[in-house]
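Could you have a look at this structure, given as structure tokens, before my questions?
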Protein chains: 2
Amino acid sequence: MTKPDRTTALIDPLAGQLGYELRRAAAAMMTAFGGELEPLGLRPSEASMLVLIGSNPGRTQSDLGRALRIKPANMVPIINRLVMSGAVRREPGEGRSLAIFLTDDGKAIYRQVRKKLLRHERRFSRRLSRDARRRLIDALRSICSEACRGLDF
Amino acid sequence: MTKPDRTTALIDPLAGQLGYELRRAAAAMMTAFGGELEPLGLRPSEASMLVLIGSNPGRTQSDLGRALRIKPANMVPIINRLVMSGAVRREPGEGRSLAIFLTDDGKAIYRQVRKKLLRHERRFSRRLSRDARRRLIDALRSICSEACRGLDF
DNA sequence: TATTGTTATACTCTATAACTATA
DNA sequence: TATAGTTATAGAGTATAACAATA
């Protein structure tokens with residue numbers, strides 16, 4: 001039996017690592033966003049989709065899914081829940097495709113979500129200068145496109 | 001029946017949003033990291049824990065969990081799997097606590113994971129200048145600490 | 001009693017495979 | 001046959017509640 005050290009601070013070899021810090025920051029923002037959405041009864045994925053639909057009424061489910069990199073199989077429950085909540089309606093389109101629209105209720109929720117999103121973004125951008133924010137977004141995009149090199153998306 | 005528009009590019013109202021771009025970049029890096037770990041039979045959470053243990057041998061399970069913000073209930077299966085794979089062993093410590101160590105096999109895997117982590121970080125930092133990387137990490141930390149304001153961690 | 005660990009369970013997002021329906 | 005949508009299912013991370021064991 002060895003006595004475990006419980007006084008010395010732990011060494012965190014992950015601190016300062018890009019992937020690690022990125023993951024933690026993203027998780028933190030996501031958790032906060034989820035909390036803000038709770039009163040609306042929406043999950044982050046549903047709220048994102050609602051906003052996308054509001055900006056692109058009448059587009060097909062598969063187009064919407066592609067835009068947010070959500071697989072068709074995972075689009076189904078997202079749209080289903082939005083339909084069941086009365087925010088969205090499906091209309092038959094060409095072929096098997098379904099055109100997605102916001103209902104009047106959905107438009108009201110859409111405006112609420114946009115407002116929450118704005119506040120959320122502002123809260124987390126507050127400490128960043130305009131320039132710093134710009135650079136941060138650029139860096140994030142470059143990371144994203146690096147990951148996508150050689151992949152299908 | 002309304003004909004869905006399938007020619008015009010979609011408007012992405014989430015593009016340029018901090019939370020959205022952050023989430024995508026983090027998911028991209030995480031997916032890439034998961035792929036690199038596959039040959040080792042480790043999940044990202046297990047690999048992270050292995051690296052933490054290697055840098056802090058003999059610390060308790062709860063200390064390790066706190067360091068990576070992993071809840072005690074979620075630590076159990078992570079350590080279990082590392083033990084079952086032969087990389088880690090538990091030793092009884094003070095009270096109910098368990099001191100965690102790498103086995104000799106675990107030390108070999110640890111070195112492999114560190115190497116993979118280094119390559120991974122380098123790959124995604126390549127396009128960033130030393131300064132840009134520093135600023136990025138700082139921004140990520142400021143986002144993290146903003147989220148943690150008013151919370152327990 | 002306070003801390004540590006464990007079990008069970010549920011939620012959210014993601015992924016694949018196999019299927020149906022339509023042009 | 002190619003595209004769109006659906007179903008079922010599994011994996012990964014995270015969360016809570018309830019419980020056991022130890023000092």
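In the text below, chain A, chain B and the rest are named by the order of the sequence lines, each starting its count at 1.
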At under 4.0 Å, does any side-chain N or O of A:R23 touch on OP1 or OP2 of D:dT14?
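The answer is yes; a side-chain N or O of A:R23 sits under 4.0 Å from OP1 or OP2.
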Using a cutoff of under 3.5 Å, can you pull out all pairs of nitrogen or oxygen atoms linking the protein to nucleotides 21-23 of chain D, with atom names and distances?
none

CZ of B:R90 versus C1' of C:dG5: gap in Å, rounded?
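Spelled out: CZ on B:R90 to C1' on C:dG5 is 9 Å.
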Length of the CD1-P vector between A:I100 and D:dA4, whole Å:
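Value for this atom pair: 13 Å.
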Could you check A:S125 against A:R133 for side-chain hydrogen bond (donor to acceptor under 3.5 Å, both in side chains), going step by step and ending with a plain yes or no?
CA-CA 7 Å; A:S125 303; A:R133 188 179 187 283; 3.2 Å; yes
What do the steps show when you test B:R134 against B:D131 for salt bridge (charged side-chain N to carboxylate O under 4.0 Å, His left out), and what is the final call?
CA-CA 5 Å; B:R134 171 85 261 137; B:D131 242 42; over 6 Å; no
Could you please name the option among D:dA15, D:dG13, D:dA4 that lies closest to any side-chain atom of B:K71?
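Among D:dA15, D:dG13, D:dA4, the one nearest the side chain of B:K71 is D:dA15.
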Measure across B:D105 and B:G86 and return the closest heavy-atom pair with its distance rounded to 0.1 Å.
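Scanning both residues, the minimum pair turns out to be CB-O, 3.7 Å.
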Return the value, rounded to whole Å, for the distance between atom CD of B:Q61 and atom C1' of C:dT7.
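Rounding to the nearest Å, CD of B:Q61 and C1' of C:dT7 are 13 Å apart.
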Distance check needed: D:dA12 C1' versus B:R81 CZ, whole Å only.
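In whole Å, D:dA12 C1' lies 10 Å from B:R81 CZ.
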Find which nucleotide of DNA chain D each of A:A27 and A:P72 is nearest to by heavy atoms, and output the residue with the more 5' nucleotide.
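Upstream on the strand: A:P72.
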Just the rounded figure in Å: distance from P of D:dA15 to CE of A:M30.
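From A:M30 CE to D:dA15 P: 13 Å.
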Side-chain donor-acceptor pairs under 3.5 Å in residues 32-53 of chain B, sequence neighbours left out?
unit_1	atom_1	unit_2	atom_2	d
B:R43	NE	B:E46	OE2	3.4
B:E46	OE1	B:R43	N	3.1
B:E46	OE1	B:R81	NH2	3.4
B:E46	OE2	B:R81	NE	2.4
B:S48	OG	B:P44	O	2.8

Please check if A:Y20 and B:I78 belong to a single hydrophobic cluster, counting links between Ile, Leu, Val, Met, Phe, Trp and Tyr side chain heavy atoms closer than 4.5 Å.
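A:Y20 clusters together with B:I78.
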Round to a whole Å and report the spacing from CG of A:N74 to C1' of D:dA12.
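Whole-Å distance recorded here is 13 Å.
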For residues B:G16 and A:I137, report the shortest heavy-atom separation together with the two atoms involved.
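Closest pair (atom of B:G16, atom of A:I137, distance): O-CD1, 3.5 Å.
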Under 4.0 angstrom between A:R43 side-chain N/O and C:dC11 OP1 or OP2:
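For C:dC11, OP1/OP2 do not have a side-chain N/O of A:R43 under 4.0 Å.
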Might you work through the salt bridge (charged side-chain N to carboxylate O under 4.0 Å, His left out) test for B:R135 and B:D138, ending with a clear yes or no?
CA-CA 5 Å; B:R135 280 194 300 261; B:D138 284 349; over 6 Å; no
Scan B:A73 against the nucleic acid and name what it touches under 4.0 Å (heavy atoms): base, sugar-phosphate only, or nothing.
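Base: the residue B:A73, judged by heavy atoms under 4.0 Å, touches a nucleobase.
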